[in-house]
Amino acid sequence: MQGRVLIVAGSDSGGGAGIQADVKTVTMLGGYAATAITALTAQNTLGVFDVFPVDPGFVAAQMECVLTDIGADAIKTGMLFSSAVIQSVARVCAQWATSIPIVIDPVMVAKGGHELLLADARSALVQDLLPLAALVTPNVPEAEVLSGLRIVDREGMSRAADHILAQGPGAVLVKGGHMEGERVFDLLRTADGAEYWFESERLRTRATHGTGCTLASAIAAGIAEGLTLQHSVERARRFVQDAMRAAPGFGQGHSPLNHAFAVATPEALG
């Protein structure tokens, strides 16, 4: 049976990140994607130009409609924007999703610098959502905000992971792509003490739009499918790297990935 993933995130009009990247990822990995949209954004590869928030009650209504009928084997959250939306999401999860693993991508700032999580919503993210999470997937700047620590090396990633785990999630994946170096290191640490380091070459490309959304959704798809957390992360990292390598080069800024890199071309189909 297809793994069902309920994605709670914002819409990207450029199609490279947010709900659009999430749906593409889950679908390409063989899962079934349902959505609850938290905000509409006017954006392209150059940045986010405007945000239209969705009413928190309607975000909750979308989630409830999916969970009480289609159901979910995993939930993935992305851009949540406000404390009111975070509280609505937490309330629905506490009522309808107590046994469903939740993957939280703590989206805070777009690559162009636009704020995607209001400053006053950060405490709500920590207090209301992190304790419900099976996994939280911060990049280095997000991990610095969540932990209150400066991160410049792998030791810093490790310390930050401990601080984030103390806030209640079942596991944390600290993504090291923002640090310098020819190799990229990611750290997965679980509340029961397991630790896994993942290493890969740094891809020199401008095709980086939506990498965080894609990774978290790919992990959620693996969890929904019944894979272990470690295997889900391993497969998700490969998926992102392959999608970056096959990127179409659209746009003038941070260009989108090619989530459909494995699909045969029309020519190949004869």
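One is the number of the first residue; the rest follow in order along the sequence.
Looking at Q241 and S200, their side chains come closer than 4.5 Å, going by heavy atoms from C-beta outward. In this structure, L130 and V136 have side chains that are in contact, with non-hydrogen atoms separated by less than 4.5 Å. By the 4.5 Å heavy-atom criterion applied to side chains, D55 and V85 are not counted as neighbours. Within the 4.5 Å cutoff, the side chain of T38 has no heavy atoms near those of the P53 side chain. When side chains are defined from C-beta on, I75 counts as touching C93, because their heavy atoms get closer than 4.5 Å. Looking at L149 and H163, their side chains come closer than 4.5 Å, going by heavy atoms from C-beta outward. Side-chain contact between M79 and D105 is absent, with no heavy-atom pair separated by less than 4.5 Å. Inter-residue side-chain proximity for F58 and I37 is flagged as unmet; no heavy-atom pair is nearer than 4.5 Å.
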Margin query: For a salt bridge (charged side-chain N to carboxylate O under 4.0 Å, His left out) check, start with the C-alpha distance between R235 and E225, then their side-chain angles and the critical distance, and finish with the verdict.
Written below: CA-CA 12 Å; R235 187 180 71 167; E225 185 182 330; 3.0 Å; yes
Checklist line | CA sep, side-chain torsions, deciding dist, call: E155, R159, salt bridge (charged side-chain N to carboxylate O under 4.0 Å, His left out) | finding: CA-CA 6 Å; E155 183 178 346; R159 289 196 303 269; 3.2 Å; yes
Margin query: Applying side-chain contact (heavy atoms from CB on, under 4.5 Å) to T77 and L80, what does each step give before you reach the verdict?
Written below: CA-CA 7 Å; T77 70; L80 298 177; 4.3 Å; yes
Next item on the list: Go through V107 and F81 one step at a time and tell me if the side-chain contact (heavy atoms from CB on, under 4.5 Å) criterion holds.
Entry: CA-CA 8 Å; V107 176; F81 194 61; over 6 Å; no
Next item on the list: Show the numbers, then the answer: is there a side-chain contact (heavy atoms from CB on, under 4.5 Å) between E234 and F239?
Entry: CA-CA 9 Å; E234 289 173 341; F239 182 86; over 6 Å; no
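Once rounded to the nearest 0.5 Å, the distance linking CG of L132 with OG1 of T98 reads 10.0 Å. In this structure, L129 CG and S83 OG are separated by 11.5 Å, a value rounded to the nearest 0.5 Å. Here the CD1 atom belonging to I7 is positioned 12.0 Å from the CE atom belonging to M63, to the nearest 0.5 angstrom. Distance CG/D50 to CG/L40: 10.0 Å, rounded to 0.5 Å.
Note on residues 20-34: pairs passing salt bridge (charged side-chain N to carboxylate O under 4.0 Å, His left out), not counting sequence neighbours, are D22-K76. Within the structure, every pair that satisfies the salt bridge (charged side-chain N to carboxylate O under 4.0 Å, His left out) test and touches residues 239-258, not counting sequence neighbours, is listed here: E201-R245, D242-R245. Evaluation of the salt bridge (charged side-chain N to carboxylate O under 4.0 Å, His left out) test over residues 81-102, restricted to residues two or more places apart or in two chains, returns none.
Counted by atom type alone, Q230 and T228 present zero donor-acceptor pairs between their side chains at under 3.5 Å. No side-chain donor from either of T45 and Q252 sits under 3.5 Å from a side-chain acceptor of the other. No hydrogens or angles considered: a donor-acceptor pair under 3.5 Å links the side chains of T214 and H259. Residues Q62 and T35 bring no donor and acceptor atom of their side chains to less than 3.5 Å of each other.
Evaluation of the side-chain contact (heavy atoms from CB on, under 4.5 Å) rule for V140 yields E144, I151, H178, M179 as partners, not counting sequence neighbours. Not counting sequence neighbours, the partners of R204 by the salt bridge (Lys or Arg N to Asp or Glu O under 4.0 Å) test are E182. Under the side-chain contact (heavy atoms from CB on, under 4.5 Å) criterion, A34 pairs with L6, Y32, V66, not counting sequence neighbours. Listed by chain and residue number, L187, R189, E195 satisfy the side-chain contact (heavy atoms from CB on, under 4.5 Å) test with S158 (two or more places apart in sequence, or in another chain). Under the side-chain contact (heavy atoms from CB on, under 4.5 Å) criterion, A94 pairs with no residue at all, not counting sequence neighbours. D153 is linked by a salt bridge (Lys or Arg N to Asp or Glu O under 4.0 Å) to nothing, counting only residues two or more places apart in sequence or in another chain. For D128, the salt bridge (Lys or Arg N to Asp or Glu O under 4.0 Å) test picks out no residue, with sequence neighbours left out.
Hydrophobic clustering, defined by side-chain heavy atoms of Ile, Leu, Val, Met, Phe, Trp and Tyr closer than 4.5 Å, groups L135 together with V103, L173, L188, Y196, F198, L203, L215, I219, I223, L229, V233, V240, M244, L257. As a member of the Ile/Leu/Val/Met/Phe/Trp/Tyr network built from side-chain separations under 4.5 Å, V184 groups with nothing else and remains a singleton.
The minimum heavy-atom distance linking R206 with G249 is given by the pair NH2-O, 3.0 Å. Smallest separation of non-hydrogen atoms from P138 and V172: CD-CG2, 3.8 Å. What you find for S82 and A121 is that their closest heavy atoms are C-CB, 3.6 Å. Among all heavy-atom pairs drawn from A160 and S147, the shortest one is CB-OG, 3.7 Å. Residue I86 comes nearest to A124 through the heavy atom pair CG2-O, 3.6 Å, listed as atom of the first residue, atom of the second, then distance. Taking each heavy atom of A72 and I100 in turn, the nearest pair found is O-CD1, 3.5 Å.
Residue-environment remark: CZ (R183) exceeds the threshold of 12 foreign heavy atoms within 6.0 Å. Other residues, nucleotides and ligands contribute more than 12 heavy atoms inside 6.0 Å of the CD atom of E199.
Criterion: ILVMFWY side-chain heavy atoms under 4.5 Å apart, direct or through other members. Under it, L227 and V5 are not part of a common hydrophobic cluster. In terms of hydrophobic clustering, with Ile, Leu, Val, Met, Phe, Trp and Tyr side chains grouped at heavy-atom distances under 4.5 Å, V152 and F185 are assigned to different clusters.
K175 and D186 are not joined by a salt bridge, as no carboxylate oxygen comes within less than 4.0 angstrom of a charged side-chain nitrogen.
Put simply, the side chain of R4 gets close to the backbone of I70: a donor and an acceptor are under 3.5 Å apart. Using a distance-only test at 3.5 Å, with no hydrogens or angles considered, no donor-acceptor pair links the side chain of N258 to the main chain of A247. Between the side chain of Q167 and the backbone N or O of V126, no donor-acceptor pair lies under 3.5 Å. Within the 3.5 Å criterion, the main-chain N or O of I19 finds no donor-acceptor partner in the side chain of S11. Between the side chain of T25 and the backbone N or O of S217, no donor-acceptor pair lies under 3.5 Å.
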